[in-house]
Amino acid sequence: MAWTVPGLLAVVLVAALLTAMARGYALRRQLLDQPGERRSHAVATPRGGGIAIVVSQLLAYIGVGVLFPQTAATLAVFSAGLVMVAGIGWWDDHRPLPALPRLGVHVLAGLLLGALVWHWTGEASSAGFSVLLAIALINVWNFMDGIDGLAATQALLASVAYALLLPAPVAGLALILAAGVLGFLPFNFPKARIFMGDVGSGALGYLLAGLVALGLGTRSAPWTILLVPLAAFLVDAGLTLAGRVFRGERWMEAHTQHLYQRWVKSGCSHVMVTSGYALFGVAGIVLMLVFTWLPSPWNHLAALAWAAAAAGLWSVLRNKVHR
């Protein structure tokens, strides 16, 4: 459509401008992530830049709702969940909150998304899956947002993957997310001048869960295929968390046991680690598109095989780097 390219460029520019403004605000308010034993950066860095991605998406949704009134109600409900997740993250960036209130808000936002899926499909299983996925991805993106560019590049690649995989209306929302992340990324990679903070990491998890839920709603791909672009983060966060629970550690505390953190501690640069995850993500996108051509159940088996390969690679690499 004629408005697509100018609209996406506007999202990029809005996100970039708001990121610059967020950086100035964080410096004035001294909202800084300080280096420490459980951090992967060496200098104090402003946080909260992810608010720019959130606002760029909300403004874009208003525009889409005006152009396509039939989408307005769905976008309004989804935006309410996004505001909830981003709002509690913004609060936490300013004044750290206990885990339980944050989780409660995440659950409510996930239930909103699940209600939308139920409305679209009438399937309780898809709705329940969407609720759990939203809660999981909000926290996974928070866990994995620890080095320059990692969470942003993975979100960018995943949104591009969904733009290629899903039908036109949903693909447009995926491109809007990619544009918002693209406007933020130069401030965060290759050298972070601002971190996205909980306001951004949680919001990205929720936005990506929304794209997966839309994919379920359109029945354009099975859930196994839809999770392929998220494999790197799901495997690293999931297996690391499982290991901490198994060892009886205080798994809710901050730590540096994820694979990406171990790589950095072993002497790899943030650029090298983020690029390694990005290469894995690109391979996942290519395979995802191949898997969609396979008949059932081979497409499911291929996606599960990719997840198993990712877990095996995680185990091998984790054992090669220092603790």
Side-chain angles (χ1 to χ4, degrees), residues 7-36 38-62 79 82-97 102 138 141-159 176-208 233 254 260-261 264 269-275 277-278:
L8 292 174
L9 288 175
V11 174
V12 173
L13 293 174
V14 166
L17 175 61
L18 292 177
T19 303
M21 294 173 63
R23 186 174 187 275
Y25 170 83
L27 290 172
R28 290 193 301 272
R29 292 290 300 271
Q30 289 296 292
L31 297 177
L32 305 175
D33 276 345
Q34 300 292 340
R38 294 177 178 176
R39 306 275 187 172
S40 298
H41 59 282
V43 297
T45 306
R47 65 175 179 269
I51 188 66
I53 300 173
V54 174
V55 174
S56 74
Q57 302 306 290
L58 293 173
L59 292 174
Y61 295 164
I62 292 172
S79 296
L82 176 58
V83 169
M84 291 168 63
V85 173
I88 199 70
W90 181 253
W91 188 346
D92 196 44
D93 285 333
H94 286 72
R95 185 177 301 171
L97 292 168
R102 287 185 282 122
I138 290 166
W141 243 260
N142 182 267
F143 296 156
M144 298 296 291
D145 180 30
I147 63 172
D148 299 354
L150 181 62
T153 56
Q154 287 296 303
L156 177 62
L157 288 171
S159 57
I176 288 171
L177 177 54
V181 176
L182 195 60
F184 167 80
L185 190 58
F187 296 85
N188 188 241
F189 186 79
K191 182 66 176 177
R193 290 179 283 159
I194 188 169
F195 295 147
M196 67 174 61
D198 286 352
V199 62
S201 59
L204 284 180
Y206 183 76
L207 288 163
L208 290 169
F233 270 24
Y260 76 89
Q261 293 168 320
V264 171
S269 69
H270 289 210
V271 171
M272 182 180 297
V273 176
T274 295
S275 299
Y277 275 75

Taking Thr274 for the side chain and Val271 for the main chain, is one N or O donor matched with an acceptor at less than 3.5 Å? no
Rounded to the nearest 0.5 Å, what's the gap from OG1 on Thr153 to CG on Leu182? Could you check? 11.5 Å
Please tell me if the side chains of Trp90 and Ile51 come closer than 4.5 Å, counting only heavy atoms from C-beta onward. yes
Search all heavy atoms of Ser201 against all heavy atoms of Met196 and return the closest pair with its distance. N-SD, 3.4 Å
Residues Ala52 and Thr19: closest non-hydrogen pair is CB-OG1, 3.2 Å
Do the non-hydrogen side-chain atoms of Leu27 and Leu32 ever get within less than 4.5 Å of each other? yes
Between Asp93 (side chain) and Asp198 (backbone), is there a donor-acceptor pair under 3.5 Å? yes
Residue pair Ala155 / Leu204: nearest heavy atoms and the distance that separates them: CB-CD1, 3.8 Å
If you round to the nearest 0.5 Å, how far is CZ of Phe189 from NE2 of His270? 10.5 Å
So which heavy atom on Ala44 is nearest to which on Gln34, and how close? CB-OE1, 3.4 Å
Asp145 side, atom CG; Leu150 side, atom CG - distance, nearest 0.5 Å: 8.0 Å
Taken to the nearest 0.5 Å, the spacing of Met144 CE from Tyr260 OH works out to 6.0 Å
Looking at every heavy atom in both Ala203 and Val54, which two are closest together, and how far apart are they? CB-CG2, 3.5 Å
Run through Leu18, Val12, Val11 and flag the one making a side-chain contact (heavy atoms from CB on, under 4.5 Å) with Val14. Leu18
Are the side chain of Asn188 and the backbone of Ala152 linked by a donor-acceptor contact shorter than 3.5 Å? no
What are the two closest heavy atoms between Phe184 and Gly50, and how far apart are they? CE1-N, 4.2 Å
Taking the side chain as C-beta and beyond, is there a heavy-atom pair between Ile88 and Asp92 under 4.5 Å? no
Hey, could you give me the OG/CD1 distance between Ser56 and Ile176, rounded to the nearest 0.5 Å? 9.0 Å
Look at the rings of Phe233 and Trp141 and say which category their plane angle falls in: under 30° parallel, 30 to 60° tilted, over 60° perpendicular. tilted
Check whether any side-chain N or O of Asp148 sits under 3.5 Å from a backbone N or O of Ala192 as a donor-acceptor pair, and report yes or no. yes
Reported CG-to-CZ distance for the pair Leu31 and Arg47, which is rounded to 0.5 angstrom: 5.5 Å
